[in-house]
Amino acid sequence: MRKYLNIALCVCAIVVMVGCKGTSTNQNVRETLFDKTLPEVKALVDGRWELISGENATEMGEFENTFITFDGDRYIWSEDGVDQPDALNWRLAPTGAGYDAWLMDVFYADSPSYPLAVVGDTLYIQDCTETAYKYTLLRRK
């Protein structure tokens, strides 16, 4: 019985891999980031992102002309054409949501946040404050 289960699992894995082969857009990327290693997180978030919104259960705020470029251990916050580079200060720590993740100081130094997920060309970043804002960013070139 175990032999047939292993064969079935292999067939399913092959079907999934073949179905994803040949796609060159990020639309098929669906990754949680809180459960990844730091090199994996950095690889998935590196690049230029436009900050679109921040929201929680009761509030929503929108941003205009605000970009964040992640580059390993550094980032550049660009707002209205003004660049403000700084360090990300990555550290593995509790999120307050019952699990540990790679926290970074990108929004506020005293209120860390962490990359939550990438879905297609959208990055979600969760902050660790009492307000628990989840930020939405879109990949830009």
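This structure is a prediction, so every number in the text was calculated from the model and none was measured. We number each residue from 1, following the sequence as shown.
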Problem - Which atom of Asp83 lies closest to which atom of Ser78, heavy atoms considered - result: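 Answer, listing the atom of Asp83 first, then Ser78: OD1-OG, 2.6 Å.
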Exercise for the section: Identify the heavy atoms of Ser53 and Met60 that sit nearest to each other, and give their distance. Expected result: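 Heavy atoms only, the tightest pair is CB-CE, 3.8 Å.
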Hydrophobic clustering (ILVMFWY, side-chain heavy atoms < 4.5 Å, transitive) - are [Y] and [X] grouped together?
X      : Y      : value
Leu123 : Phe63  : yes
Phe67  : Tyr124 : no
Trp90  : Leu44  : yes

Practice task
Inspect the surroundings of CD in Glu62 and state if more than 12 heavy atoms from other residues, nucleotides or ligands are less than 6.0 Å away.
Solution key: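 At most 12 heavy atoms, drawn from other residues, nucleotides or ligands, come within 6.0 Å of this atom.
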Exercise for the section: Look at atom NZ of Lys36 and say whether more than 12 heavy atoms of other residues, nucleotides or ligands are closer to it than 6.0 Å. Expected result: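 Buried by this count: over 12 neighbours within 6.0 Å.
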Is the shortest side-chain heavy-atom distance between [X] and [Y] below 4.5 Å?
X      : Y      : result
Trp77  : Leu51  : yes
Ser113 : Met104 : yes
Cys128 : Leu103 : yes
Lys42  : Phe70  : no
Tyr114 : Thr95  : yes
Phe34  : Gln126 : no
Val82  : Glu79  : no
Ile76  : Arg48  : no

From [atom1] ([X]) to [atom2] ([Y]), nearest 0.5 Å:
X      : Y      : atom1 : atom2 : value
Thr136 : Leu138 : OG1   : CG    : 7.5 Å
Trp102 : Leu92  : CH2   : CG    : 4.5 Å
Leu116 : Glu31  : CG    : CD    : 12.5 Å
Glu50  : Leu137 : CD    : CG    : 9.0 Å
Glu130 : Asn56  : CD    : CG    : 12.0 Å
Tyr135 : Thr66  : OH    : OG1   : 11.5 Å

Problem - Partners meeting ring-ring contact (aromatic ring centres under 6.0 Å, His included) with Tyr75 (sequence neighbours left out) - result: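 Residues passing ring-ring contact (aromatic ring centres under 6.0 Å, His included) with Tyr75: none at all.
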Handout entry: Asp105/Arg91 salt bridge by N-O under 4.0 Å criterion
Key =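 Between Asp105 and Arg91 there is a salt bridge, with a charged N closer than 4.0 Å to a carboxylate O.
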Exercise for the section: Ignoring hydrogens and angles, tell me if any N or O in the side chain of Asp73 forms a donor-acceptor pair with the backbone of Leu88 under 3.5 Å. Expected result: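 No, Asp73 side chain to Leu88 backbone: no donor-acceptor pair under 3.5 Å.
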